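Sequential numbering from 1 along the given sequence is applied to the chain's residues. Computed from a predicted structure; not experimentally measured. Every number for a ligand or one of its atoms is a count from 1 in the order of the listing. Scope of the values below: all heavy atoms of this structure, side chains included, with no hydrogens, waters or symmetry mates.
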Amino acid sequence: MLSPRESRTRESVALDGLWSFALDTEVPADAWMGTLPTRRQVPVPASYNDIFVDPAVREHVGIVWYQREVRIPSGWAGQRIVLRVDAATHHGSVYVDDELVAQHVGGYTPFEVDLTSRVRAGGFARVTIAVDNRLTWETIPPGLVTAGADGREKQIYRHDFFNYAGLPRTVRLYATPSDYIHDITAVTTVSEALAYVDVEVHADGDDVRLRLRDEDGREVASAAGASARLVVSDPTLWQPGNAYLYDLEVTLGEDGDEYHLPVGIRTVEVRGQEFLINGEPFHFTGFGKHEDADIRGKGHDDAIMVRDFELLHWIGANSFRTSHYPYAEEWLDYADRHGVVVIDETAAVGLNINMAAGLLGGATQPTFSPETMGDATRAAHAQAIRELIARDKNHPSVVMWCIANEPASAEAGSREYFEPLVELTRAEDPTRPVTFANQGAARFDNDLIVDLFDVVCLNRYFGWYENTGDLAAAEVALETELVGWAAHHDKPIIMTEYGVDTLSGLHSVSPTPWTEEYQVAFLEMYHRVFDRVPAVVGEQIWNFADFQTTAGIFRVDGNKKGVFTRDRKPKSVAHVLRKRWSHR
Ligand code: GCB
């Protein structure tokens with residue numbers, strides 16, 4: 001799915017700004033049929049939850065309505081006109097005037113609808129979007145809606161971040177010629193002094209022309225046809241920390257549709273216990289992150305994004321994981337341009353019922369069964385994988401797909417659940433390694449799925465959830481486990497989560513849990529162990545910054561495992577990490 005970039009033949013208009021807003025309980029069920037009877041206005045992009053002071057909005061379970069009048073540019077007569085929603089979390093229904101025109105499930109990937117026959121250039125249209133935040137066993141991520149004792153619906157979920165909802169990313173209109181370029185896939189390989197860019201174009205008509213230009217605008221290769229190979233001699237590679245992007249111009253005929261795709265020439269390969277980028281062993285440093293900030297929730301904000309990249313650079317991080325869902329595409333565009341390496345994750349988080357059995361009154365249930373995570377969950381999961389790869393396949397920054405976070409991979413049924421999903425991922429993209437983030441209860445001797453994947457990604461909390469406060473015992477446990485994984489699997493290991501809740505400003509002479517000193521001692525201990533186990537090729541700390549979660553007795557205004565506070569102030573450990581990572 002092409003990102004809507006502007007070109008000689010393509011224009012786009014952002015519909016960001018204030019939209020009318022109402023809860024489903026406040027308006028008629030067919031609220032799209034006229035002007036939304038509300039005085040509330042909500043910003044787009046933003047999660048709606050933390051905007052209003054009314055707790056009924058923050059905790060709402062169900063549908064909310066967004067509406068605005070849209071003017072169609074008069075110059076778009078004769079063009080194909082498309083409405084694109086970058087994310088409706090988790091289920092979006094789009095109405096134009098009185099008609100339902102699109103529906104989409106999956107809160108972190110975009111969807112589009114062709115409005116050419118429904119709107120008139122120069123005219124107005126009433127656009128209404130109903131967004132439903134409910135999660136069930138049939139959605140990714142999964143969840144459960146129950147009725148509380150007071151009769152209100154209550155949303156239960158097993159992931160540790162607040163269920164922010166609404167329209168957190170851009171909504172826009174764009175126009176293309178009526179014969180247009182539907183999709184492009186560019187795959188790069190390198191052989192000594194030559195690089196190959198294999199391009200597949202899906203378009204109306206077969207008069208497809210390709211031109212590749214370097215960063216100085218010089219043409220370095222050209223070809224014709226919907227399926228073609230461009231050969232680049234003496235290529236400048238896209239390198240971690242040193243990005244280089246070619247411009248692939250695709251046109252239909254002499255003056256038909258034109259699209260420009262940034263192309264980074266680089267290779268990715270897993271060999272034995274090494275992860276290679278451009279044939280060189282790569283060591284991941286960085287974080288699991290979240291899209292999370294005060295007031296905006298998961299609303300995309302360029303200011304916060306650029307600040308986060310600045311902090312990643314300052315601290316010496318070369319990578320991050322899009323835990324636990326695909327991020328706004330702006331993140332990947334920026335990572336492409338600045339040489340930051342990304343592990344790109346689906347929203348399949350919380351496929352692990354028993355880890356959080358307490359939430360269901362302590363009862364245990366099988367995670368994988370027709371009544372829980374069954375065929376419908378897997379179908380939604382497969383769709384989430386397809387949509388992630390369709391959107392992100394051309395980003396050089398993305399070096400690996402992570403198809404789930406902490407599933408119950410030691411439980412019966414996990415292999416049957418995951419085997420077809422791994423096959424699907426490889427079929428959708430044969431060029432990138434595939435992984436999942438493994439949870440501590442599934443160890444090297446009882447995990448049932450890890451051999452299906454290319455890289456062992458481990459989330460471990462020795463010294464926090466286990467051996468709390470006892471870093472000497474935690475060090476032994478951590479090393480035993482890592483050495484065990486390395487002995488059982490000839491695969492590289494990335495520690496994709498390790499960290500401790502740390503209250504910024506809390507200090508003690510000796511390192512005790514929750515203090516800044518403990519966070520320093522904990523991470524130093526992990527790093528000592530990593531340096532003793534050669535199979536460890538990556539260290540991504542949990543988490544980049546403190547973030548909001550659902551209320552609970554384990555969380556005080558959210559999860560505090562950030563190396564930065566929620567407003568991006570460094571905790572003491574940030575300076576320690578900066579020393580380690582800046583000298584690698
Ligand atoms: C995990 C999860 C992550 C949590 C983290 C924690 O293993 O993957 O989503 O936030 O632990 O802090 O407990």
Enquirer: In order of chain and number, which residues sit within 4.0 Å of ligand 1 by heavy atom?
Expert: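 Residues near ligand 1: Asp160, His324, Asn405, Glu406, Asn459, Tyr461, Tyr465, Glu497, Trp542, Phe547, Arg555, Asn559, Lys561.
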Enquirer: Could you tell me whether Asp392 and Arg432 have a side-chain N and a carboxylate O separated by less than 4.0 Å?
Expert: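 Salt bridge between Asp392 and Arg432, a charged N being under 4.0 Å from a carboxylate O: no.
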Enquirer: I want to check a possible cation-pi pair here: Arg391 against Tyr108, using under 6.0 Å from ring centre and within 45° of the ring axis as the test.
Expert: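 No, cation not above the ring by the 6.0 Å, 45° rule.
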Enquirer: With a 4.0 Å cut-off on N to O distance, would you call Glu497 and Arg321 a salt bridge?
Expert: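 Result for this pair is yes, salt bridge flagged.
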Enquirer: Using ring pair (Phe, Tyr, Trp, His ring centres under 6.0 Å) as the criterion, point out the one residue from Phe462, Tyr526, Tyr465 that pairs with Tyr498.
Expert: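 Among Phe462, Tyr526, Tyr465, the one meeting ring pair (Phe, Tyr, Trp, His ring centres under 6.0 Å) with Tyr498 is Tyr526.
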Enquirer: List for me each residue that meets side chain to side chain contact (heavy atoms under 4.5 Å, CB included) alongside Asp451, sequence neighbours excluded, and say none if there are none.
Expert: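 Only Arg415 meet the side chain to side chain contact (heavy atoms under 4.5 Å, CB included) criterion with Asp451.
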Enquirer: Kindly state whether the ring of Trp581 and the ring of His313 have centres lying under 6.0 angstrom apart.
Expert: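 No, ring centres 6.0 Å or more apart.
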